[in-house]
Novice: 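There's a structure below that I have some questions on.
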Number of protein chains: 2
Amino acid sequence: MSFAVTVDLVLLTIREGALSVLLIRRAIPPYQGGSALPGGFVLPEEDLDDAAERELVEETGLRGAGHLEQLGSYGAPGRDPRGRVVTIAYLALVPDAPSPRAGSDAAEADWVPVAALPPLAFDHGRILADGIERARAKLEYTPLAAAFCPPEFTIAELRQVYESVWGTRLDPRNFHRKVTSTDGFVVATGRSTAGERGRPAQLFVRGAAPVLYPPLLRKG
Amino acid sequence: MSFAVTVDLVLLTIREGALSVLLIRRAIPPYQGGSALPGGFVLPEEDLDDAAERELVEETGLRGAGHLEQLGSYGAPGRDPRGRVVTIAYLALVPDAPSPRAGSDAAEADWVPVAALPPLAFDHGRILADGIERARAKLEYTPLAAAFCPPEFTIAELRQVYESVWGTRLDPRNFHRKVTSTDGFVVATGRSTAGERGRPAQLFVRGAAPVLYPPLLRKG
DNA sequence: TGAGTTATCGTCGACTTGACGATATAAGTC
DNA sequence: GACTTATATCGTCAAGTCGACGATAACTCA
């Protein structure tokens, strides 16, 4: 028994304070004209992670920035009308900025706030939901929120990432205390912002800690 | 391009206080005679989760008990000398008891303490390492430790699960307080053990909470 | 009956968290 | 320049949580 194997991307960013996902409009059947996650077939001599990285570069032009991890595999028999297709979904978190480029089999690509999602092709609705939940959970116990930020960022920018992804408000003072006191979360650069409203803020870069200890937990 | 798709199982249990994994001895090439994770090909009309469930039943005879979740996919081009094979790895946590049954292409199957692992075929060493780390992490923020226990269990049994999986000692009094005070972790049955050494212990069943809040964190 | 063993309840200090007051340092306005 | 507005950052305090550990309860075994 042989299968086609694809890689699909749940590509998230924060645009105008809203957690958003990159969706493409399908140029060919099935689901022609419908919205879907970007993705494509794994090449004959390509590792899965490399295929995901390639898709990410194709869609955003970003290389190395942000974060890319495997999300899970989806292979129900009827998920693609063309035949037996297993997809390995990847979760990518990137800073805002890259304008989407049209991929090979995509008519167009665009950022869509996850609060205003259209129906998606295949089982992509489920995959996206899993990706969003993964991102929400990972903010709790890893420093991954910084993947949504530019290389240097303020504590307030980082807080807005949490607020956008979780859909909650966080107290700026308590958040500041937590972030700066958790070992390896962020590292001060010594530089500051200027020209913004209010007191200038210190700039930080992401720290080396792979996990937050103790974690920064959501309510409930 | 077409791929073969298999499902492999990281099947963990606690035997004699040691976290152990089910390994099979390969009856056929490649890696004939070597140790490997149990697994097999996904059937033409079978969903991935169903294939994993089928493998689990074939190996243990268990149905419904324990816990089964997708771990991740592995598909490096050279991982199987027979050709391009992508495997979807699943993590299964089961109570101790089931004696292993020989699978179809396995000469024998046996529980091996993870502290005394032989080299494994294919990339199964990496898959197993990922599975163990997943299990360790999940004990922190989910009530999954109960999946290693029989339907009714004592707080001490649950504590020994944590101690075996994490390889640490936990204070029985603090652990008892934490488990019984965390909402939805365990539910008292009213029954007790009898005939054991020491004071009889209350029996509990797993609670309904999908996650522990607050979590039960490892050191460091 | 006494010794040993395990379960369970309490206590205490250190630490963390959430709520929120106070101050610092900028831009803009008059 | 004085005042307002906005944001960053530091402090304070009470409530909750955690780790270390004492004390007691309820069994088995000899």
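Nothing here was measured: the structure is a model prediction, and the numbers come from that model. In what follows, every chain begins at residue 1, and chains take the letters A, B, ... in the order their sequences are listed.
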Novice: Calculate the interatomic distance between Tyr213(B) atom OH and dT17(D) atom C1'; express it in whole Å.
Specialist: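 Nearest whole value for this atom pair: 11 Å.
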
Novice: Select one nucleotide: of dA7(C), dT17(D), dT9(D), the one nearest the side-chain heavy atoms of Pro214(B).
Specialist: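 Of the options given, the side chain of Pro214(B) lies nearest dT17(D).
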
Novice: Taking only residues at least two apart or on different chains, which pairs with a member in residues 114-125 of chain B satisfy salt bridge (charged side-chain N to carboxylate O under 4.0 Å, His left out)?
Specialist: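 Of all non-adjacent pairs touching residues 114-125 of chain B, those that pass salt bridge (charged side-chain N to carboxylate O under 4.0 Å, His left out) are Arg79(B)-Asp123(B).
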
Novice: Against Tyr90(B), only a single residue in Leu11(B), Leu37(B), Leu56(B), Leu48(B) fulfils side chain to side chain contact (heavy atoms under 4.5 Å, CB included); can you say which?
Specialist: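 Answer to the side chain to side chain contact (heavy atoms under 4.5 Å, CB included) test with Tyr90(B) among Leu11(B), Leu37(B), Leu56(B), Leu48(B): Leu48(B).
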
Novice: Taking DNA chain D as the partner, which of residues 162-186 of chain B come within under 4.0 angstrom of it by heavy atom?
Specialist: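 Those residues are Asp171(B), Arg173(B), Asn174(B), Arg177(B), Lys178(B).
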
Novice: Take atom CZ of Arg199(B) and atom P of dA26(D), then tell me their distance rounded to the nearest Å.
Specialist: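 So the two atoms are 5 Å apart, to the nearest Å.
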
Novice: My understanding is that only residues two or more places apart in sequence, or in another chain, count here; which of them pass ring pair (Phe, Tyr, Trp, His ring centres under 6.0 Å) with Phe122(B)?
Specialist: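 For Phe122(B), the residues satisfying ring pair (Phe, Tyr, Trp, His ring centres under 6.0 Å) (neighbours in sequence not counted) are Tyr31(B), His124(B).
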
Novice: Provide, to the nearest angstrom, the distance between the CD atom belonging to Glu157(B) and the C1' atom belonging to dT8(C).
Specialist: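 Taking CD of Glu157(B) and C1' of dT8(C), I get 16 Å after rounding.
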
Novice: Round to a whole Å and report the spacing from CZ of Phe153(A) to P of dT7(D).
Specialist: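 Going from CZ in Phe153(A) over to P in dT7(D) covers 20 Å.
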
Novice: Please confirm whether the backbone N or O of Gly17(A) pairs with a side-chain atom of Ser164(A), one donor and one acceptor, at under 3.5 Å?
Specialist: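 Side chain of Ser164(A) to backbone of Gly17(A): a pair is present.
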
Novice: I'd like a table of atom pairs between the protein and nucleotides 28-30 of chain D - only N or O on both sides, under 3.5 Å - with the distance next to each one.
Specialist:
none

Novice: Nearest whole angstrom, please: distance from the P of dT16(C) to the CG of Leu216(A).
Specialist: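 From Leu216(A) CG to dT16(C) P: 13 Å.
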
Novice: dA26(D) C1' sits how many Å from Gln202(B) CD, rounded?
Specialist: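 Whole-Å distance recorded here is 13 Å.
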
Novice: Using the salt bridge (charged side-chain N to carboxylate O under 4.0 Å, His left out) rule, collect all pairs that involve residues 145-165 of chain A, keeping only residues at least two apart or in two chains.
Specialist: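 Only Glu152(A)-Arg191(A), Arg159(A)-Glu163(A), Glu163(A)-Arg169(A) qualify under salt bridge (charged side-chain N to carboxylate O under 4.0 Å, His left out).
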
Novice: In whole Å, what is the span from the CD1 atom of Ile155(A) to the C1' atom of dT25(C)?
Specialist: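 Whole-Å distance recorded here is 17 Å.
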
Novice: Within the distance-only criterion (no hydrogens, no angle test), does the side chain of Gln70(A) pair as donor or acceptor with the backbone N or O of Ser73(B) below 3.5 angstrom?
Specialist: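 Between the backbone of Ser73(B) and the side chain of Gln70(A) there is a qualifying donor-acceptor contact (under 3.5 Å).
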
Novice: Which of these, Val165(A), Val94(A), Asp96(A), sits in a side chain to side chain contact (heavy atoms under 4.5 Å, CB included) with Phe148(A)?
Specialist: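 Going through the options one by one, the only one that passes is Val165(A).
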
Novice: To the nearest angstrom, how far is Leu158(A) atom CG from dT9(D) atom P?
Specialist: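 The answer, rounded to whole Å, is 12 Å.
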
Novice: For Asp47(A), enumerate each residue passing the salt bridge (Lys or Arg N to Asp or Glu O under 4.0 Å) test, keeping only those at least two apart in sequence or located in another chain.
Specialist: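 Per chain and number, Asp47(A) pairs via salt bridge (Lys or Arg N to Asp or Glu O under 4.0 Å) with no residue.
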
Novice: Can you confirm whether the side chains of Asp8(B) and Tyr74(B) place a donor and an acceptor under 3.5 Å from each other?
Specialist: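 Asp8(B) vs Tyr74(B): no donor-acceptor pair found between side chains.
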
